Amino acid sequence: MKIETLTTIDHATFLQKKEIADFLYEHLDQYGDPHEYIMKCLDYALDMAVDKGGFVVLGRGEKGQIVGAVVINKTGMSGYIPENILVYIAVNADQRGKGVGKKLMETAINMASGDIALHVEPDNPARFLYEKLGFTNKYLEMRLKK
């Protein structure tokens, strides 16, 4: 597997973003979001505006197809909440259990400046990967939907 990264410096094209969004939409399974939300996240992560930013880590197979993806957004709020939030991680079902997710996450962790937060549902199998990588859960998230 070849690792590829996209940052704000790369000026990702619409077609690159669409390829990533299509992959995430297909492979996030029941933990995914609508395609338009994924595109908004990629716009945020790969935007050069001062108040935005982040990066994408891709794993590509032998034929150049995406086999895994991680999207990290910067929060811009260093000091009182983590500087980064892991928004999406997905691995093609055919590649799960082969270390693809771990390799992508290790690359993302090494690229990130500062702490990384994430949200994971209790029954999501990715939770075990996060715990192996050192993520802990000391908070209970609560939301008010309006």
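Keep in mind the model is a prediction, meaning the values are calculated, not measured.
Atom NZ of K17 is separated from atom SG of C41 by 10.5 Å, given to the nearest 0.5 angstrom. Taken to the nearest 0.5 Å, the CE atom of M105 stands 4.0 Å off from the CZ atom of F135. Atom CD1 of I89 is separated from atom CG of L129 by 5.5 Å, given to the nearest 0.5 angstrom. For the atom pair CD1 (I3) and CG (L58), the distance works out to 8.5 Å, reported to the nearest 0.5 Å. The CG atom of N110 lies 12.0 Å from the OG1 atom of T5; values are rounded to the nearest 0.5 Å. Annotation: the span from L104 atom CG to I109 atom CD1 amounts to 11.0 Å, rounded to 0.5 Å.
Under the side-chain contact (heavy atoms from CB on, under 4.5 Å) criterion, A108 pairs with F55, V57, V70, I72, not counting sequence neighbours. Residues forming a side-chain contact (heavy atoms from CB on, under 4.5 Å) with Y25 (at least two apart in sequence, or on another chain): H35, I38. Here E26 pairs with nothing under the side-chain contact (heavy atoms from CB on, under 4.5 Å) rule; sequence neighbours left out. Partners of K18 under the salt bridge (charged side-chain N to carboxylate O under 4.0 Å, His left out) rule, at least two apart in sequence or in another chain, are D22. Remark: Y37 pairs with D33, P34, Y88 by the side-chain contact (heavy atoms from CB on, under 4.5 Å) rule, at least two apart or across chains.
Scanning both residues, A112 and N84, for their nearest heavy atoms gives CB-ND2, 3.8 Å. Minimum interatomic distance between F23 and N92 (heavy atoms only, all atoms of both residues): CZ-N, 3.6 Å. Summarising the geometry of L24 relative to A90, their closest heavy-atom pair is CD2-CB, 3.7 Å, with the distance given to 0.1 Å. Across all non-hydrogen atoms, the minimal contact from M39 to A21 is SD-CB, 3.5 Å.
Applying the salt bridge (charged side-chain N to carboxylate O under 4.0 Å, His left out) test to every pair with at least one member in residues 129-143, sequence neighbours left out, gives these pairs: R127-E131, E141-R143. Note on residues 53-66: pairs passing side chain to side chain donor-acceptor pair (under 3.5 Å), not counting sequence neighbours, are E4-R60, E19-R60. Screening residues 114-125 for salt bridge (charged side-chain N to carboxylate O under 4.0 Å, His left out) gives no qualifying pairs among residues at least two apart or on separate chains. Note on residues 88-97: pairs passing salt bridge (charged side-chain N to carboxylate O under 4.0 Å, His left out), not counting sequence neighbours, are D29-R96.
Under the side chain to side chain contact (heavy atoms under 4.5 Å, CB included) rule, Y44 has a single partner from N73, V87, V71, which is N73.
Using a 4.5 Å cut-off on side-chain heavy atoms (C-beta onward), I116 and I85 make no contact. Looking at V91 and V67, their side chains never come closer than 4.5 Å, going by heavy atoms from C-beta outward.
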> Going through the distances and angles, do M1 and K103 end up as a side-chain contact (heavy atoms from CB on, under 4.5 Å)?
Replying inline: CA-CA 10 Å; M1 176 185 68; K103 188 169 185 178; 3.5 Å; yes

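Linking Ile, Leu, Val, Met, Phe, Trp and Tyr whenever their side-chain heavy atoms come within less than 4.5 Å leaves V56 and Y31 in two separate clusters.
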